Amino acid sequence: AQKITQTQPGMFVQEKEAVTLDCTYDTSDPSYGLFWYKQPSSGEMIFLIYQGSYDQQNATEGRYSLNFQKARKSANLVISASQLGDSAMYFCAMRLDQTGANNLFFGTGTRLTVIP
Amino acid sequence: DAGVTQSPTHLIKTRGQHVTLRCSPISGHKSVSWYQQVLGQGPQFIFQYYEKEERGRGNFPDRFSARQFPNYSSELNVNALLLGDSALYLCASSLASNTGELFFGEGSRLTVL
């Protein structure tokens with residue numbers, strides 16, 4: 001069965017510092033995608049970054065980078081130069097390519113608080 | 001351009017009632033997915049529709065149903081509401097049927113009393 005585990009219920013980071021949010025996953029499928037979404041208090045989920053299981057290089061999108069370690073089945077999100085607006089819930093998610101659908105499995109999330 | 005819009009934003013129902021939630025995708029997006037997010041949890045996949053056909057269904061009872069209209073908007077229907085159906089219902093649209101890059105609305109918060 002597919003599973004996403006986020007072991008950090010809450011994290012604090014000083015403004016302008018970097019922070020790493022942990023995510024481990026479990027699947028026996030060889031082809032999958034890993035995603036990170038941000039959920040502010042408004043409720044909408046905002047796509048941040050994507051990593052395919054066959055991608056050789058770690059994904060980066062501006063201040064976001066994904067530390068993909070396939071053998072360890074981890075896909076940690078690194079946010080550099082934290083800003084106050086980064087305070088939100090962060091969810092790691094996985095999609096199995098064989099489904100051919102937009103069925104994402106989400107973790108339970110990590111609440112990030114950026115301290116001025 | 002307008003993002004994904006959902007209505008209503010908040011609603012309160014009693015057990016046994018029926019609810020209809022509506023979603024308008026981003027213009028040009030043909031895929032709509034529905035997710036349920038219970039307080040303190042991550043979203044859970046309910047349905048996906050692409051070009052008016054069901055493309056995926058999560059592990060939800062038959063009380064949950066959905067459809068997509070010719071203009072690609074969508075409705076999620078829940079019958080015989082239970083207390084456990086209280087949640088934030090999120091709609092997401094995308095260009096393709098098999099991408100994880102979804103564009104979410106702000107959700108409909110349902111409270112069942």
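Below, chain A is the first sequence line, B the second, and so on; all start at residue 1. Model, not experiment: these values are computed from the prediction.
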Quick check on B:Arg63: does its CZ atom have over 12 non-hydrogen neighbours (other residues, nucleotides or ligands) under 6.0 Å away?
yes
Using non-hydrogen atoms only, which part of B:Glu101 is less than 4.5 Å away from chain A: side chain, backbone, both, or neither?
both
Are B:Phe60 and B:Phe45 an aromatic pair, judged by ring center distance below 6.0 Å?
no
Here the gap from B:Arg22 atom CZ to B:Asn77 atom CG, rounded to the nearest 0.5 Å, amounts to 8.0 Å
What residue in A:Ser42, A:Gly109, A:Cys92 has the most heavy-atom pairs under 4.5 Å with chain B?
A:Ser42
Select, from A:Asp97, A:Asn102, A:Thr108, A:Asn103, the one with the greatest count of heavy-atom pairs under 4.5 Å involving chain B.
A:Asn102
Assign the ring pair B:Phe103 / B:His29 to parallel, tilted or perpendicular, where the plane angle (0 to 90°) is split at 30° and 60°.
tilted
Are any of the side-chain heavy atoms of A:Met94 and A:Gln2 separated by less than 4.5 Å?
yes
Counting only non-hydrogen atoms closer than 4.5 Å, does A:Gln6 touch chain B with its backbone (N, CA, C, O), its side chain (CB onward), both, or neither?
neither
Name the one of B:Ile46, B:Val19, B:Val112, B:Leu21 that satisfies side chain to side chain contact (heavy atoms under 4.5 Å, CB included) with B:Val78?
B:Val19
Is it the backbone or the side chain of A:Phe105 that comes under 4.5 Å from a heavy atom of chain B, or both, or neither?
neither
With a 4.5 angstrom heavy-atom cut-off, which part of B:Gln44 approaches chain A: side chain, backbone, both or neither?
neither
Structural part of B:Ala92 lying under 4.5 Å from a heavy atom of chain A:
neither
Out of A:Gln39, A:Met89, A:Arg95, which one racks up the most heavy-atom pairs below 4.5 Å with chain B?
A:Arg95
Side chains of B:Gln48 and B:Ser31: do they bring a donor and an acceptor to under 3.5 Å?
yes
Is it the side chain or the backbone of B:Leu88 that comes within 4.5 Å of chain A heavy atoms, both, or neither?
side chain
Is chain A contacted by the side chain of B:Phe47, its backbone, both, or neither, given a heavy-atom distance below 4.5 Å?
neither
Is it the backbone or the side chain of A:Phe35 that comes under 4.5 Å from a heavy atom of chain B, or both, or neither?
side chain
Give a yes-or-no answer on whether the side chains of A:Asn76 and A:Thr20 include a donor-acceptor pair shorter than 3.5 Å.
no
